[in-house]
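Remarks on the structure that follows.
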2 protein chains.
Amino acid sequence: MVRQNIKVAVDAVVFGYKDKALNVLLIKRNIDPFKDSWALPGGLVLENESLEQAVVRELKEETNVTIDYLEQLYSFGDPDRDPRNRVVSVTYFALVKPEHHAIKADTDAQDVAWFDVTELPDLAFDHIQILETAKKRLQNKLTYEPVGFDLLADKFLFSDLEKLYMTILQKVIDRRNFRKKILSFGILEELDEKISEGRGRPANLFKFNKKQYFKLKEEGFLFDIK
Amino acid sequence: MVRQNIKVAVDAVVFGYKDKALNVLLIKRNIDPFKDSWALPGGLVLENESLEQAVVRELKEETNVTIDYLEQLYSFGDPDRDPRNRVVSVTYFALVKPEHHAIKADTDAQDVAWFDVTELPDLAFDHIQILETAKKRLQNKLTYEPVGFDLLADKFLFSDLEKLYMTILQKVIDRRNFRKKILSFGILEELDEKISEGRGRPANLFKFNKKQYFKLKEEGFLFDIK
DNA sequence: GCAAAAGTGTTACTCATACACCCATGA
DNA sequence: TCATGGGTGTATGAGTAACACTTTTGC
């Protein structure tokens, strides 16, 4: 058998919705290659942990962030994607709620920060390509799974949800039709709380009813937003 | 840096539509572990080839099959999925047309065969799990991309397409509505050829117009079959 | 002439889309 | 009282779903 010397890493694209914009979590590398460049959080998988455990560990070590949604994205394995060794990276797609946005640089990173995806710095390795893949995944997922709620606070305004969809899908959505449709699914709870953000009529708070969603899903219900 | 000793492999789930049933290509292993078990074709990635090149090479070596459609499926990396070493497998999803069904066992396999997915033998490693993942991917893909045509011969009958959809999606489809909808897409060419399969009225042959499909796709057309 | 598969059209209903005015609050 | 954002209903058209009979061939 050929002696193979390929390393396996994991990298994560962590999205957060912040200041009405889609943000992504990046770290500033403090080791070569690409020392001082911004990059996706990630690192080599340890001998006895699963891929998912590796992502969770790296995210904790490098950024201290708490993940609300995690799924595998894609594996990148071009022979020369890392200038030193051959590294195959299994990448993950993650979403965090605003209440979990608190981050801090730790062991392997000299800095951690949220970046608006429309104003990104140059990224290390092929990470820009990974990020593009993740953005497409998010756009798709938004239309057939209620992942938007993993980007919003537990209690949110309808207008937040609407803006989130418009920001990520990059198109205008009719307010009335959107509300009608989402409410018709019966997976939101209207709370008895209103909040007033500066001027304008105070808005009702809503809560995503996860239990109800999974119940309906069992019964064949399909979340679907164009 | 921790010395990591994880191997990277690729495995492929190759689907073919055969005798009005969905079939998958398996090889009989002639080395341990799981010697003499049936398994997905695949193997370790070489130092200087991409993941995709590795799949194509392994498929050629082990089965001699010609692939008509290939895309990455998922990466499986549980620490104990291989009883000997730690192996992360990047799996691929492939479709072959009937005219490319000719197969033959070669270097690493003692045998190669098509199996109806509803009548599978026990599989090596976690390959049954990989296969389940691929089946779901196929079911999904069938509804939003015209991959069905990569499973049919270049010239096919409408009833073949219909049966393919019913077989894979596991549900009955109204013949009239299905035909109306597919034809309305304008991505099929009706040929001036009829063939008669045993009894019954001879049926028209159709051809998938790939060029037209890509043109329409550019313009925003979405293939969509419920 | 009968069995078998191919081919075809209409209707009802559901769902998506387009669209504009009033309401509650803070300044 | 005005500016700001929140909340709501209706009418039209498109697309989906349900449904059965006629045609062409082989035996």
Side-chain angles (χ1 to χ4, degrees), chain A residues 19-21 142-144 148 152-153 155-167 169-207 216 219-226, chain B residues 19-21 142-144 148 152-153 155-167 169-207 216 219-226:
Chain A
D19 310 324
K20 315 218 181 295
L142 215 49
T143 68
Y144 64 84
L152 294 177
K155 297 174 180 185
F156 56 89
L157 304 177
F158 224 101
S159 58
D160 289 335
L161 186 63
E162 199 188 300
K163 278 170 201 146
L164 183 146
Y165 268 80
M166 292 200 277
T167 305
L169 298 182
Q170 301 256 61
K171 64 174 189 178
V172 290
I173 295 174
D174 182 90
R175 198 150 52 96
R176 282 167 292 188
N177 293 337
F178 182 75
R179 187 182 180 111
K180 216 183 307 171
K181 180 135 195 201
I182 298 267
L183 286 179
S184 77
F185 293 160
I187 56 177
L188 289 192
E189 254 174 78
E190 186 164 357
L191 302 176
D192 248 355
E193 267 178 273
K194 290 182 200 301
I195 62 166
S196 174
E197 280 193 322
R199 45 190 110 267
R201 176 175 172 173
N204 235 299
L205 282 167
F206 287 82
K207 201 168 172 298
L216 288 172
E219 296 166 5
F221 160 73
L222 289 179
F223 184 91
D224 181 28
I225 292 289
K226 289 281 147 52
Chain B
D19 310 324
K20 315 217 181 295
L142 215 49
T143 68
Y144 65 85
L152 293 177
K155 298 173 180 186
F156 56 88
L157 304 178
F158 224 101
S159 59
D160 288 336
L161 186 62
E162 199 188 298
K163 277 169 202 147
L164 183 146
Y165 268 80
M166 291 200 277
T167 305
L169 298 183
Q170 301 256 62
K171 63 174 189 178
V172 290
I173 294 175
D174 181 87
R175 199 149 52 95
R176 282 167 293 189
N177 293 336
F178 182 75
R179 187 182 181 112
K180 216 182 308 171
K181 178 135 195 202
I182 299 268
L183 287 178
S184 77
F185 293 160
I187 56 177
L188 289 192
E189 253 174 79
E190 185 164 359
L191 301 175
D192 247 355
E193 266 178 275
K194 290 183 201 300
I195 62 165
S196 173
E197 280 191 321
R199 48 190 109 268
R201 176 174 172 174
N204 236 298
L205 281 168
F206 287 83
K207 200 171 174 295
L216 289 172
E219 296 166 5
F221 160 74
L222 289 179
F223 183 92
D224 181 27
I225 292 288
K226 290 283 145 54

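Letters A, B, ... mirror the listed sequences (proteins, then strands); counts begin at 1.
The side chain of A:Arg201 lies closest to D:dG6, out of D:dG6, C:dT8, D:dT8. Side-chain proximity of A:Asn204 to C:dC19, D:dG7, D:dT24: nearest is D:dG7. Counting only heavy atoms from C-beta on, A:Asn177 has its side chain closest to D:dG9 among D:dT24, C:dG26, D:dG9. Proximity note for B:Ala203 (side chain, C-beta onward) versus D:dA18, C:dA6, D:dG26: the nearest is C:dA6.
You'll find the ring centres of A:Tyr144 and A:Phe223 outside the 6.0 Å limit.
For A:Lys180 and A:Phe206, each mapped to the nucleotide of DNA chain D holding its nearest heavy atom, the one lying further toward the 5' end belongs to A:Phe206.
Judged by atom type and distance alone, B:Lys194 does not reach the base of D:dT23 through any side-chain donor-acceptor pair under 3.5 Å. Between the side chain of B:Arg179 and the base of C:dA6, no donor-acceptor pair under 3.5 Å is found.
Here the P atom of nucleotide C:dG7 and the CD atom of B:Glu162 are 10 Å apart, to the nearest Å. Protein atom NZ of B:Lys181 is 21 Å distant from nucleotide atom P of C:dG7, rounded to whole Å. As rounded to whole Å, 12 Å separates atom P of D:dT16 from atom CG of B:Leu222. Between B:Lys163 atom NZ and C:dA4 atom P there is a gap of 14 Å when expressed in whole angstrom units. Whole-Å rounding puts the B:Lys226 NZ to D:dA18 C1' distance at 16 Å. Whole-Å rounding puts the A:Arg175 CZ to C:dT17 C1' distance at 16 Å. The nearest whole Å value for the distance from the CG atom in B:Leu161 to the C1' atom in C:dG7 is 16 Å. As a whole-Å value, the separation of B:Arg176 CZ from C:dT10 P is 12 Å.
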Working for side-chain contact (heavy atoms from CB on, under 4.5 Å), residues B:Phe206 and B:Asn204: CA-CA 7 Å; B:Phe206 287 83; B:Asn204 236 298; 4.0 Å; yes
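At least one side-chain nitrogen or oxygen of A:Ser159 sits closer than 4.0 Å to the OP1 or OP2 atom of D:dG6.
B:Arg199 comes within contact range of the sugar-phosphate backbone alone, with a heavy-atom separation under 4.0 Å but no base atom that close.
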